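Here it is, the structure in full.
As the structure is a prediction and not an experimental result, all values here were calculated from the model.
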Amino acid sequence: MTTEPTYLITGAGGGVGGISPLVVEHLLAHRLPVRAMVHHDDARAEALRDLGADVVVGDLTNPVHVAAATDGINRMFFNMSVSPDYLEATAVVCAAVREPPGLEVLVNMSQMTVSQMTATSTAESHQQRLHWLAEHVIDWSAVPAVHIRPTVLLENPLFAVLAAQSIRDHDTLALPFGTARTSPVAASDVANVVTAVLRAPQRHVGSVYELTGPETLGIDELAHEYSRALGRPITAAHLSYDGWFDQMTSTDLNPHVQQHIATMAKLHRDGRYDRATTDVEKITGQPARTVEQYVRERREEFNGRQDGP
């Protein structure tokens, strides 16, 4: 008789995009045993319990907490919010899962920027550097792993919180990308890929998957996608980087996150996100969502007034 694998999903309380909670939901929908690790025992943790998850509360930088969370686990999704502690958490997790036998796969959430980095590159954000180092730590640990590298999430503040404000207030998509192109991907598509890899790891161990939307778009084309989704004209506002930066730094994002978002905007302007792959469709059998589809599903976030009379 074979024993059903047990899954550990970290970062299950959510974050930008909420990828981990979506993975928990998908696995539970297949009646699979899921342990969900959260940082705080709050309403989000209670919601996971209501879904049927075995919720554990802990800190990913605390080896005692991580050892308890990983005990008896066969398959794991390692995901963590943007944090200066990211590399420490990665090392603690790798040390913990090397000890007990039986881990089939560690699915690691990374970023596509890593594939363009070197040991000495300095143009990237501190968080991107941590992801580059984290991938190396995981590989050095010899834990069976799969690296998932999304380009940029449609839920990222660049396309969500910051963009939504200018769309609601002025019917403009205001971004400092210049003439560069980008291919944002929906968190739901990333979650579907992660779930597929976790459920059949033997097909994927040792792989790196780079996830993008279905095509690359300039800011005028992005604005057209928002227009079609919202049913009203949305025009592109080609902001200077310095003007956008001043606006972004007036938000309540913490300095580490601000530096990460600001660097992503600059790298967009430099053409670093002008990339498209078919990995989402290859793994899930379904094409990645378009920007129009994503925005249409979330019209209320971008509408500052009632639709219709």
*Just by distance, do the side chain of Gln293 and the backbone of Thr290 share a donor-acceptor pair under 3.5 Å?*
yes
*Nearest heavy-atom pair of Arg75 and Leu198: which atoms, and what distance?*
NH1-O, 2.9 Å
*Would Val107 and His204 count as a side chain to side chain contact (heavy atoms under 4.5 Å, CB included) if you check the C-alpha gap in whole Å, the side-chain angles of each, and the deciding distance to 0.1 Å?*
CA-CA 10 Å; Val107 181; His204 305 286; over 6 Å; no
*asked:* Set out, in order, the CA-CA distance, both residues' side-chain angles and the distance that settles side chain to side chain contact (heavy atoms under 4.5 Å, CB included) for Trp244 and Leu162, then state yes or no.
replied: CA-CA 10 Å; Trp244 173 88; Leu162 298 174; 3.9 Å; yes
*Hey, do the aromatic rings of Tyr86 and Phe78 have their centres closer than 6.0 Å?*
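Under 6.0 Å, so yes.
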*asked:* Taking NE2 in His39 as the centre, count heavy atoms belonging to other residues, nucleotides or ligands within less than 6.0 Å. Is the count above 12?
replied: yes
*Report, as yes or no, whether the 6.0 Å neighbourhood of atom CD on Gln165 holds more than 12 heavy atoms from other residues, nucleotides or ligands.*
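12 or below, so no.
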_Arg275 and Thr151, any side-chain heavy atoms less than 4.5 Å apart_ =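 When only atoms from C-beta onward are counted, Arg275 and Thr151 do not touch, as no gap falls below 4.5 Å.
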*Roughly how far, to the nearest 0.5 Å, is CG of Asp279 from CZ of Arg149?*
11.0 Å
*Are Val280 and Val208 joined in one hydrophobic group, where the rule is that I, L, V, M, F, W and Y side chains link up if heavy atoms are under 4.5 Å apart?*
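Cluster IDs for Val280 and Val208 differ.
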_Inter-residue atom distance Glu301.CD - Tyr294.OH, 0.5 Å rounding_ = 5.5 Å
*Under 3.5 Å: donor-acceptor pair, side chain of Ser240, backbone of Gly243*: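 Judged by distance alone, yes, a pair lies under 3.5 Å.
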*If you measure only the distance, is there a donor-acceptor pair under 3.5 Å linking the side chains of Glu135 and Ser110?*
yes
_Let me check something: do Met112 and Val185 share a hydrophobic cluster, defined by ILVMFWY side-chain heavy atoms less than 4.5 Å apart, either directly or through other members?_
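No; tracing contacts between hydrophobic side chains, which count when under 4.5 Å, never links both residues.
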*Expected output: side-chain Asp189 to main-chain Arg289 donor-acceptor under 3.5 Å*: yes
*List the steps and the verdict of side chain to side chain contact (heavy atoms under 4.5 Å, CB included) for Thr235 and Asp171.*
CA-CA 7 Å; Thr235 58; Asp171 286 339; 5.9 Å; no
*Can you measure from CD1 (Ile234) to CZ (Phe302) and round to the nearest 0.5 angstrom?*
10.0 Å
_Taking the side chain as everything from C-beta on, heavy atoms only, tell me whether Met109 gets closer than 4.5 Å to Val190._
yes
*Count the heavy atoms of every other residue, nucleotide or ligand shown that sit under 6.0 Å from CZ of Arg49, and state whether that count exceeds 12.*
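Yes, CZ of Arg49 has more than 12 neighbouring heavy atoms, counting only those of other groups under 6.0 Å.
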_I'd like to know if Asp270 pairs up with Arg272 as an ion pair, taking the criterion as any Lys NZ or Arg NE/NH1/NH2 lying under 4.0 Å from an Asp or Glu carboxylate oxygen._
no
*Output yes when a side-chain donor or acceptor of Thr10 lies under 3.5 Å from a complementary backbone atom of Asn79, and no otherwise.*
yes
_Derivation and outcome, side-chain hydrogen bond (donor to acceptor under 3.5 Å, both in side chains), residues Arg129 and Ser121_ = CA-CA 9 Å; Arg129 172 57 53 182; Ser121 59; 3.0 Å; yes
*Examine Leu32 and Leu28 and state if one hydrophobic cluster contains both, with Ile, Leu, Val, Met, Phe, Trp and Tyr joined whenever side-chain heavy atoms are less than 4.5 Å apart.*
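Yes; tracing contacts between hydrophobic side chains, which count when under 4.5 Å, links both residues.
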_Is it true that Asn192 and Thr284 share a donor-acceptor pair across their side chains at a distance under 3.5 Å?_
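No, Asn192 and Thr284 have no side-chain donor paired with an acceptor closer than 3.5 Å.
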*Going through the checks in order, is the side-chain hydrogen bond (donor to acceptor under 3.5 Å, both in side chains) test met by Glu210 and Ser115?*
CA-CA 9 Å; Glu210 300 190 330; Ser115 66; 3.2 Å; yes
*Do other residues, nucleotides or ligands put more than 12 heavy atoms under 6.0 Å from the CZ atom of Phe245?*
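No, the 6.0 Å shell around CZ holds no more than 12 heavy atoms from other groups.
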*Please tell me if the side chains of Leu267 and Thr113 come closer than 4.5 Å, counting only heavy atoms from C-beta onward.*
yes
*According to a 4.5 Å side-chain heavy-atom criterion applied to Ile, Leu, Val, Met, Phe, Trp and Tyr, with indirect links allowed, do Val137 and Trp132 form part of one hydrophobic cluster?*
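In one cluster: yes.
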